Amino acid sequence: MAELLLVSRWLSAVPGFLTARTGPGATIGFVPTASSIYVDRAWVDFDRTTLHEQGWHTVELDIEAMTAIDLAKSLETVDAVFVSGGNVFHLLEVLRRTGFADVLTEHVEAGLPYIGASAGACVIGADIEPLALLDDPAEARSLDSTTGLGWIDEVIVPHADGIVSGRAIIDELRHRFGGQFTLRLLADDQALLVSGSSRSVVPS
């Protein structure tokens with residue numbers, strides 16, 4: 001049964017989500033991959049620091065450098081997984097190329113708690129095509145399909161309050177893709193909590 005916390009930006013919902021599932025002081029596998037194409041990764045450092053301040057331990061999972069065997073073993077040693085933000089197209093391409101998408105899906109379906117922030121939230125949905133208005137698909141030239149991991153049948157749209165990208169982009173995204181996909185728009189102070197078949201938007 002999947003236990004997911006999909007956040008747009010802030011991590012204040014993490015303690016309530018994780019403590020109930022792992023107890024305090026759990027070890028989180030931290031995946032920074034979505035940001036690896038950028039020089040400035042301040043938001044990733046901020047997320048890592050926030051998790052530490054909340055009392056969690058993190059173990060870096062550099063899935064672009066790890067072997068398939070090490071990737072599989074890594075998920076046996078952590079209590080939860082956190083996938084940070086960045087470019088969702090790059091993230092999906094790496095998840096597929098390394099085989100981590102399948103390994104991660106297997107563990108999450110078996111109950112490993114998953115926390116996704118921004119791109120990390122988007123990649124698990126039905127498709128990432130609409131997110132081309134927020135991220136540059138050219139950063140993942142070898143990506144041959146925008147189909148997401150498919151853990152839920154919605155398309156997560158982060159930063160839907162327009163603070164990051166502007167309201168006009170969000171309005172255009174909704175206009176262009178609202179009839180094709182089931183869009184789940186999350187403001188920066190919101191998160192989608194998925195517990196089995198239950199879904200609810202919570203403050204974050």
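What you are looking at is a predicted structure, and each value in this text was computed from that prediction instead of being measured.
There is a path of hydrophobic side-chain contacts, each under 4.5 Å, that joins Val81 to Leu71. Connection of Val31 to Val7 is not established within any shared hydrophobic cluster, with ILVMFWY side chains joined at heavy-atom distances below 4.5 Å, either directly or through further cluster members. Placement of Val83 and Leu75 within a single hydrophobic cluster is found when ILVMFWY residues are connected by side-chain heavy-atom separations under 4.5 Å, directly or transitively. No chain of hydrophobic side-chain contacts below 4.5 Å, direct or via other Ile, Leu, Val, Met, Phe, Trp or Tyr residues, connects Ile163 to Leu183. Both Leu143 and Phe100 are assigned to one and the same hydrophobic cluster, defined by single-linkage of ILVMFWY side chains at heavy-atom distances under 4.5 Å.
Between the Arg167 side chain and the Ala160 main chain, a donor and an acceptor come within less than 3.5 Å of each other. At distances below 3.5 Å, at least one donor-acceptor pair connects side-chain atoms of Gln54 with backbone N or O atoms of Leu11. The backbone N or O of Lys73 sits nowhere less than 3.5 Å from a side-chain atom of Glu76 that would complete a donor-acceptor pair. Side chain of Ser198 to backbone of Ser195: no donor-acceptor contact under 3.5 angstrom is found. A donor-acceptor pair under 3.5 Å links the side-chain atoms of His107 to the main chain of Val103, judged by distance alone. A donor-acceptor pair under 3.5 Å links the side-chain atoms of Thr77 to the main chain of Ser74, judged by distance alone. A donor-acceptor distance shorter than 3.5 angstrom exists from the side chain of Ser36 to the backbone of Thr33, with no hydrogens or angles considered.
The minimum heavy-atom distance linking Ala191 with Leu5 is given by the pair CB-CD1, 3.9 Å. When all heavy atoms are compared, the tightest approach of Pro24 to Thr19 is N-CG2, 4.3 Å. When all heavy atoms are compared, the tightest approach of Asp47 to Ala117 is OD2-CB, 4.1 Å. When all heavy atoms are compared, the tightest approach of Arg21 to Pro113 is CB-CG, 4.1 Å. Taking every heavy atom of both residues into account, Leu18 and Ala80 meet most closely at CD1-CB, 3.6 Å.
In this model, no donor atom of one side chain and acceptor atom of the other lie less than 3.5 Å apart for Gln190 and Ser204. For the residue pair Asp188 / Ser8, a side-chain donor-acceptor distance below 3.5 Å is found, with atom types taken as modelled. Donor-acceptor pairing under 3.5 Å is lacking for the side chains of Trp43 and Ser84. For the residue pair Asp127 and Thr146, a side-chain donor N or O sits within less than 3.5 Å of a side-chain acceptor on the partner.
Partner of Leu92 under the side-chain contact (heavy atoms from CB on, under 4.5 Å) criterion, chosen from Ile124, Thr147, Ile128: Ile128.
Note that NE2 of His90 is 9.5 Å distant from CG of Leu95, once rounded to the nearest 0.5 Å. Between the CG atom in Asp189 and the CG atom in Asp161 there is a gap of 6.5 Å [rounded to 0.5 Å]. Here the CZ atom belonging to Arg96 is positioned 10.5 Å from the CG atom belonging to Leu91, to the nearest 0.5 angstrom. Taken to the nearest 0.5 Å, the CG atom of Leu6 stands 9.0 Å off from the SG atom of Cys122. Here Ile169 contributes atom CD1 and Arg174 contributes atom CZ; the two are 13.0 Å apart, rounded to the nearest 0.5 Å.
Side-chain contact between Leu104 and Trp151: present, with at least one pair of heavy atoms (C-beta onward) separated by less than 4.5 Å. Between Pro203 and Ser12, every side-chain heavy-atom pair lies at or beyond the 4.5 Å cut-off. Side-chain contact between Pro158 and Leu186: absent, with no pair of heavy atoms (C-beta onward) separated by less than 4.5 Å. Here the side chains of Leu4 and Ile152 are in contact, with some heavy-atom distance below 4.5 Å. Proximity of Pro32 to Glu60: side-chain heavy atoms (C-beta onward) are separated by under 4.5 Å at one or more points. Residues Ile28 and Leu51 form a side-chain contact, since some pair of their non-hydrogen atoms from C-beta on lies under 4.5 Å apart. By the 4.5 Å heavy-atom criterion applied to side chains, Leu61 and Phe30 are not counted as neighbours.
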With a cut-off of 3.5 Å and sequence neighbours excluded, list every side-chain donor-acceptor pair involving residues 134-141.
from, atom 1, to, atom 2, distance (Å)
Asp135, OD2, Val88, N, 3.0
Asp136, OD1, Ala138, N, 2.9

Exercise for the section: Report the C-alpha separation of Ile170 and Leu133 in whole Å, then their side-chain angles, then the decisive distance to 0.1 Å, and conclude whether the side-chain contact (heavy atoms from CB on, under 4.5 Å) test is met. Expected result: CA-CA 8 Å; Ile170 300 300; Leu133 296 185; over 6 Å; no
Practice task
Decide side-chain contact (heavy atoms from CB on, under 4.5 Å) for Thr182 and Val155; before the verdict, give the C-alpha distance in whole Å, the side-chain angles of both, and the deciding distance to 0.1 Å.
Solution key: CA-CA 6 Å; Thr182 301; Val155 173; over 6 Å; no
Exercise for the section: Would you check, one step at a time, whether the test side-chain contact (heavy atoms from CB on, under 4.5 Å) holds for Phe181 with Glu129? Expected result: CA-CA 10 Å; Phe181 299 103; Glu129 180 186 353; 3.7 Å; yes
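For the ring-ring contact (aromatic ring centres under 6.0 Å, His included) condition, no pair includes a residue of residues 50-81, sequence neighbours left out. Among residues at least two apart or in separate chains, salt bridge (charged side-chain N to carboxylate O under 4.0 Å, His left out) pairs with a member in residues 147-158 are Asp153-Arg199, Glu154-Arg184, Glu154-Arg199. Listed by first and then second residue, the side chain to side chain donor-acceptor pair (under 3.5 Å) pairs that reach into residues 114-126 are Ser118-His159, sequence neighbours excluded.
Membership of the apolar cluster around Phe46 extends to Trp10, as traced through chained side-chain contacts below 4.5 Å between ILVMFWY residues.
Remark: Asp70 engages Met66, Thr67 in a side-chain contact (heavy atoms from CB on, under 4.5 Å) (not counting sequence neighbours).
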